[in-house]
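All remarks here apply to the structure that follows.
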Amino acid sequence: QVLSHAGPAGLEPPSIARVLAMMARTPDGLASDPAATFLPDTAAPPTTWDVAAFVGAVKSAAPSLDWAAVMCQLDCPSFHVSDVAGLTILSTAFKLGTSGAPPQAFPTRAVVGRWKNTKGQLSLLRTALHAP
């Protein structure tokens, strides 16, 4: 429902990449978010992002979105991955975003190309190298 207000420009790769960057930067601990106080008392606040719900909503609103292009747009000032949970968010989003299409590998050009946010890029590479 929120995505329906974004308009066609809101569902372009740079916008979706910024949302995924925010999710990867804050993969857990959502229950401590002050916004959780607006939930009804009967609702347990979420503790992690529901990547499947986000990707499903994006795919419903923009079925032809190029998910490789989304990953290539992760080079934004706010991008930082500090743990495997953040890396998992990115890989899960790509896997779910490209499901139903011919299988695709995560686009290496999104990771190894020249980034403006080199600290963010190095955080991604460091986390990937230490991932099990």
Side-chain angles (χ1 to χ4, degrees):
Q1 183 178 6
V2 172
L3 291 177
S4 66
H5 300 290
L11 294 177
E12 294 296 319
S15 301
I16 301 304
R18 282 192 297 276
V19 173
L20 289 175
M22 182 266 308
M23 292 170 125
R25 189 177 64 251
T26 59
D28 52 27
L30 297 181
S32 62
D33 186 331
T37 60
F38 295 107
L39 294 171
D41 289 337
T42 58
T47 58
T48 61
W49 296 107
D50 189 341
V51 179
F54 174 73
V55 172
V58 170
K59 285 181 74 167
S60 292
S64 62
L65 182 69
D66 181 349
W67 286 89
V70 169
M71 296 301 134
C72 289
Q73 293 292 321
L74 289 172
D75 180 11
C76 60
S78 63
F79 185 80
H80 181 83
V81 178
S82 60
D83 58 22
V84 174
L87 185 64
T88 301
I89 285 173
L90 298 175
S91 62
T92 300
F94 182 76
K95 181 180 176 185
L96 294 173
T98 58
S99 67
Q104 296 182 39
F106 193 90
T108 55
R109 68 183 189 276
V111 178
V112 298
R114 187 176 218 49
W115 281 38
K116 293 176 187 168
N117 178 3
T118 55
K119 287 183 181 180
Q121 180 183 26
L122 290 174
S123 75
L124 175 61
L125 292 171
R126 180 179 52 248
T127 303
L129 287 172
H130 289 94

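The residues of the chain are indexed from 1 along the displayed sequence.
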Side-chain atoms of residues 82-91: list all donor-acceptor pairs with protein atoms under 3.5 Å, sequence neighbours left out, distances to 0.1 Å.
residue : atom : partner : partner atom : Å
Asp83   : OD1  : Ala85   : N            : 3.3
Asp83   : OD1  : Gly86   : N            : 3.1
Thr88   : OG1  : Val84   : O            : 2.8
Ser91   : OG   : Leu87   : O            : 3.4
Ser91   : OG   : Thr88   : O            : 3.2

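- Inter-residue side-chain proximity for Leu65 and Val70 is flagged as met; some heavy-atom pair is nearer than 4.5 Å.
- Between Phe54 and Thr92, every side-chain heavy-atom pair lies at or beyond the 4.5 Å cut-off.
- What you find for Asp75 and Trp115 is that their closest heavy atoms are OD2-CA, 3.1 Å.
- Atom CE of Met71 sits about 11.5 Å away from atom CZ of Arg109, to the nearest 0.5 Å.
- Counting heavy atoms from C-beta outward, Ser123 and Val81 have side chains that approach closer than 4.5 Å.
- Going from atom CD1 of Ile16 over to atom CG of Leu74 covers 11.5 Å, rounded to the nearest 0.5 Å.
- The two atoms that bring Cys76 and Ala21 nearest to each other are SG-CB, 3.8 Å, heavy atoms only.
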Compile the donor-acceptor pairs under 3.5 Å between side chains in residues 97-105 and protein atoms, sequence neighbours left out, one pair per line.
residue : atom : partner : partner atom : Å
Thr98   : OG1  : Phe94   : O            : 2.8
Thr98   : OG1  : Lys95   : O            : 3.4
Ser99   : OG   : Lys59   : NZ           : 3.2
Ser99   : OG   : Leu96   : O            : 2.9

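- Although no hydrogens or angles enter the test, the distance criterion places no donor-acceptor pair under 3.5 Å between the side chain of Gln121 and the main chain of Phe79.
- Taken from CH2 in Trp49 to OG1 in Thr26, the straight-line distance is 5.0 Å, to the nearest 0.5 Å.
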